[in-house]
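Heads up: the structure comes next, in structure tokens.
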Amino acid sequence: MTAALAPALDRADWQARRQAHEARVDAWLTPHLARRRTGVKHPVEDFLFTYYSHRPAQLRRWHPGAGVVLRDAEPAAFGPDYTAGAAGLTLDTDRVRARRAESIAWIRTLLAATAARPAHFGCFGMHEWAMVYRQTQEQVRHNAWPLRLSPAATAAVVSERGVRCSHFDAFRFFTAPARPLNVLQPTREGQHALEQPGCLHANMDLYKWAYKLSPLVPSELVADCFALAREIRALDMRASPYDLADLGYPPVRVETPEGRAEYAAAQREFAGRAAGLRARLLAALDRATPADHR
């Protein structure tokens, strides 16, 4: 797409978009940064900032995405990936793609493969249980918060239900005794073949792929992926063995038939929303990539 054909935003319009993005993100950043200053940890709200590598300042920074011209914009304010032309400032997509071609191709393949695969909803969140399987309260990752069941009862749920986790970045946190219980043995090399669109962690990771594709994708899309990941994390921990009721997260008791039904219904709803975000990421990549390079 040439600059002449690209959509153009007047200064007032792109500044309004930037300010709206910053205000939206600040609602998430402000409490997180306050907790960080005082050394207070939150097992749900802080996860997206500690597990993922995108810094708060990076999330707050606004980019319009590929193929958008910003009128009356200063190049220094947007960085070296932007080029000034007669119509205004625009992202130099060739420069970005040349620098990150391998990563972009890997992400695009993963997104497309996941989108094309049928969704499965029978895991019932047992991945979080497998992460504490046969550990004591002191050994578990979030040991400041109690388990809802005893360690023995928690292990019994895992043994009875089994584990059906297809996501490598969840599987790698399983305890050693839990790994053989999983029906799959995910690897990084096999991620493209196993990732499926019903998985909570695959859908949470849309945030990771969105920020890794920045500035090719608009920052509003990155924030949309963050917002979904934040909601998914809440369900993830509500369905976990931890008791976070005092933090305002009532448990989804997946050890019961009623809890499993509640979990699967929420999982389906998240999968539907994630499918839309995944499609938007792929469309943004297509806008930023010539057809003969896809």
Side-chain angles (χ1 to χ4, degrees), residues 18 21-22 24-25 28-29 32 46-68 78-82 90-117 166-173 186-197 199-233 270 273-290 293-294:
R18 182 174 66 182
H21 171 75
E22 290 171 350
R24 182 188 188 190
V25 169
W28 301 320
L29 296 185
H32 165 70
D46 291 337
F47 176 78
L48 299 185
F49 299 105
T50 56
Y51 177 72
Y52 295 113
S53 61
H54 208 44
R55 296 188 300 274
Q58 292 173 308
L59 177 60
R60 192 176 191 271
R61 186 178 181 187
W62 180 76
H63 293 282
V68 178
F78 285 86
D81 287 330
Y82 286 81
T90 190
L91 181 68
D92 186 343
T93 56
D94 290 342
R95 177 189 176 104
V96 176
R97 287 189 294 103
R99 187 174 70 245
R100 294 158 54 188
E102 184 176 351
S103 174
I104 291 169
W106 193 96
I107 294 170
R108 195 191 194 290
T109 300
L110 179 66
L111 292 172
T114 305
R117 196 165 286 127
S166 58
H167 195 267
F168 171 71
D169 282 314
F171 177 72
R172 67 189 177 96
F173 289 104
T187 63
R188 180 69 71 202
E189 294 74 20
Q191 190 168 359
H192 286 169
L194 284 182
E195 200 119 313
Q196 56 92 8
C199 172
L200 287 191
H201 277 260
N203 293 331
M204 198 183 306
D205 277 353
L206 288 175
Y207 167 58
K208 174 167 65 173
W209 309 132
Y211 73 68
K212 285 183 176 292
L213 293 172
S214 182
L216 295 174
V217 303
S219 293
E220 290 91 344
L221 178 51
V222 179
D224 287 345
C225 291
F226 181 96
L228 178 63
R230 186 169 174 264
E231 291 185 51
I232 292 175
R233 175 60 177 177
F270 285 138
R273 291 166 59 188
L277 293 174
R278 194 173 284 110
R280 288 170 61 192
L281 286 171
L282 286 167
L285 275 179
D286 286 347
R287 287 192 297 272
T289 309
H293 284 74
R294 294 173 194 166

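Reckoned from all heavy atoms, side chains included, excluding hydrogens, waters and symmetry mates.
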Indicate yes or no: at least one non-hydrogen side-chain atom of Arg117 is less than 4.5 angstrom from one of Leu194.
no
Between Pro197 and Thr114, what is the shortest heavy-atom contact and its length?
CD-O, 3.4 Å
Can you list, pair by pair, the side-chain donor-acceptor contacts under 3.5 Å of residues 222-229, counting residues two or more places apart and other chains?
from   : atom 1 : to     : atom 2 : distance (Å)
Asp224 : OD1    : Arg24  : NH1    : 2.7
Asp224 : OD1    : Arg24  : NH2    : 2.9
Asp224 : OD2    : Arg280 : NH1    : 3.0
Asp224 : OD2    : Arg280 : NH2    : 3.0

Output for pair (Arg99 CZ, Asp94 CG), nearest 0.5 Å, gives 12.0 Å
Side-chain donor-acceptor pair under 3.5 Å between His167 and Asp205, yes or no?
yes
What verdict does the side-chain contact (heavy atoms from CB on, under 4.5 Å) test give for Ile104 and Leu216, after you've listed the backbone C-alpha separation in whole Å, the side-chain angles of each residue and the deciding distance to 0.1 Å?
CA-CA 10 Å; Ile104 291 169; Leu216 295 174; 3.5 Å; yes
Atom CD of Glu195 and atom CG of Leu110: how far apart are they, to the nearest 0.5 Å?
5.0 Å
Working to the nearest 0.5 angstrom, can you tell me the gap between Leu206 CG and Leu277 CG?
6.0 Å
I'd like to know whether Leu91 forms a side-chain contact (heavy atoms from CB on, under 4.5 Å) with Val68, so could you lay out the CA-CA distance, the side-chain angles of the two residues, the decisive distance to 0.1 Å, and finally the verdict.
CA-CA 7 Å; Leu91 181 68; Val68 178; over 6 Å; no
Would you indicate whether the side-chain heavy atoms of Trp106 and His192 approach each other to under 4.5 Å?
yes
So among Gln191, His201, Arg188, which one has a side chain to side chain donor-acceptor pair (under 3.5 Å) with Asp169?
Arg188
Point-to-point distance, once rounded to the nearest 0.5 Å, from CG of Leu111 to CH2 of Trp209
8.0 Å
Hey, can you tell me if Phe47 and Tyr51 have their rings parallel, tilted or perpendicular (30° and 60° cut-offs)?
parallel
Does any part of the side chain of Asp81, heavy atoms only, come nearer than 4.5 Å to the side chain of His63, both counted from C-beta?
no
Less than 4.5 Å apart, side chain to side chain, heavy atoms only: is that true for Arg278 and Asn203?
yes
Distance-only side-chain donor-acceptor flag, Gln58 / Arg61, under 3.5 Å
no
Calculate, to the nearest 0.5 Å, the distance between atoms CG and NZ belonging to Leu213 and Lys208 respectively.
12.0 Å
More than 12 foreign heavy atoms under 6.0 Å from CZ of Arg55: is that the case here?
no
Are any side-chain N or O atoms of Arg97 and backbone N or O atoms of Ala288, one a donor and one an acceptor, separated by less than 3.5 Å?
yes
For the CZ atom of Phe49 and the NE2 atom of His32, what is their distance to the nearest 0.5 Å?
5.0 Å
